[in-house]
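Heavy atoms only: backbone and side chains are in, while hydrogens, waters and symmetry mates are out.
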Amino acid sequence: MSSDTAGRYRVGETALLVVVEAAEPVVGGWRRRFDRSAAAGVPAHVTVLVPFLDVARIDDGVLGELRELFAAHRRFTVRFEGFGRFPDVLYLAPEPAGPVRALTEAVVARWPELPPYGGVFAEVVPHLTVAHGQPEDVYQEAEAALGGRLPLSASVRAVELWGSDGDRWRRRARFPLPAPR
C-alpha cells in the first residue's frame, strides 16, 4: 500500500487482495503493532495488485471484467511455512506462490498500464506482511514468537477489491474463485 508524505493513504486508491483470514489469529497482533496497513483496516493478505484503478474509474463494467477475469482461476490452497525478508519488511511466504502470481499476471495483462507496486520492483514476490519499517530486533522477535505457530494453511476462495478514503481501507467488492473441477 502506498502513502503520501503525511503518512496517510491516497484518497481513492484501490488494491486487489487475497485476504488470508486464517493468518489473522497468528499474525494480527504483530501486524497491528508493526504494519500500518493493519491499523488502517487492511486484514492479513497477499497483494494481487496495488495500486489498481482509482476508485472513480471503477464502474459496473470494470467490476464485471474483474468478475470474469477471476472466474477463469480456480480456488487453491497456500501454506505459510516460513519467513522472508525485504530490506524493510518481514513477511510470510505463500507456497505455492504460482497461483497468486497468475492472478497478478492476469490483471496486469488486462490493465498493462498498472504495473504491480507502480513498477518500483523488477520482480513481484507474493507475500503476507508481518512487520514493515521496523528495526531488525523487531523482526527477530516476531520470527521467534511466530515460528512455532507455523505452518499455517489457507484456502484462497476469492480476490477482494479494497479502497482507501485516505485514512481507512474498506472492502468494496469480492470476486469468488470457482471450485476446482
Side-chain angles (χ1 to χ4, degrees), residues 1-24 27-73 78 86-92 94 97 99-134 154 156-177:
M1 309 284 168
S2 63
S3 64
D4 64 22
T5 56
R8 294 179 32 195
Y9 294 96
R10 187 177 58 74
V11 174
E13 181 176 7
T14 65
L16 294 167
L17 309 175
V18 167
V19 173
V20 184
E21 291 175 13
E24 201 64 46
V27 301
W30 289 91
R31 290 186 67 250
R32 283 186 292 280
R33 288 173 53 206
F34 300 116
D35 178 8
R36 110 187 146 75
S37 74
V42 181
H45 68 281
V46 177
T47 300
V48 172
L49 186 68
V50 68
F52 186 56
L53 297 171
D54 187 272
V55 72
R57 292 185 54 198
I58 297 175
D59 57 16
D60 289 341
V62 169
L63 294 173
E65 285 186 72
L66 287 168
R67 195 172 300 107
E68 185 176 314
L69 184 145
F70 293 126
H73 296 264
V78 293
F86 300 130
D88 62 345
V89 175
L90 172 67
Y91 65 87
L92 296 177
V100 178
R101 278 194 185 96
L103 294 169
T104 300
E105 290 166 359
V107 176
V108 172
R110 167 54 190 89
W111 286 279
E113 71 277 17
L114 300 173
Y117 301 99
V120 172
F121 305 107
E123 179 185 4
V124 175
V125 177
H127 63 281
L128 189 155
T129 299
V130 175
H132 178 253
Q134 301 301 314
V156 176
R157 302 166 87 58
V159 175
E160 297 182 3
L161 173 68
W162 284 69
S164 171
D165 66 8
D167 292 312
R168 301 284 301 162
W169 285 80
R170 290 179 179 76
R171 185 173 75 179
R172 300 183 59 85
R174 187 173 189 273
F175 308 99
L177 302 176

Between Phe52 and Trp111, how do the two ring planes meet: parallel, tilted or perpendicular, split at 30° and 60°?
-> perpendicular
Residues which pass side chain to side chain donor-acceptor pair (under 3.5 Å) with Glu160, listed by chain and number, not counting sequence neighbours | Trp162, Arg171
Are more than 12 heavy atoms from other residues, nucleotides or ligands located less than 6.0 Å from atom CZ of Arg101?
-> yes
Keeping the roles fixed (side chain from Arg31, backbone from Arg36), state whether a donor-acceptor pair exists under 3.5 Å.
-> no
Heavy-atom pair with the smallest gap, counting every atom of Pro116 and Leu49 = CA-CD1, 3.4 Å
On a heavy-atom basis, the closest approach of Ala23 and Leu128 is CB-CD1, 3.8 Å
Say whether, by atom type as modelled, one donor and one acceptor occur between the side chain of Thr14 and the main chain of Leu53 under 3.5 angstrom.
-> yes
Value for CG (Leu16) from CZ (Arg172), rounded to nearest 0.5 Å, stands at 12.0 Å
Do any pairs count as a side chain to side chain donor-acceptor pair (under 3.5 Å) and have a residue in residues 49-72, sequence neighbours left out, and if so which ones?
-> Arg10-Asp54, Glu65-Arg110
Between Glu13 and Pro51 the two heavy atoms that sit nearest each other are OE2-CB, 4.0 Å
Donor-acceptor pair, Glu105 side chain versus Leu103 backbone, under 3.5 Å?
-> no
Just by distance, do the side chain of Tyr9 and the backbone of Ser37 share a donor-acceptor pair under 3.5 Å?
-> yes
Looking only at atom types and distance, does a side-chain atom of Thr129 sit under 3.5 Å from a main-chain N or O of Ala131, one as donor and one as acceptor?
-> no
What one should report as the nearest heavy-atom pair of Val46 and Pro126 is CG1-CB, 4.1 Å
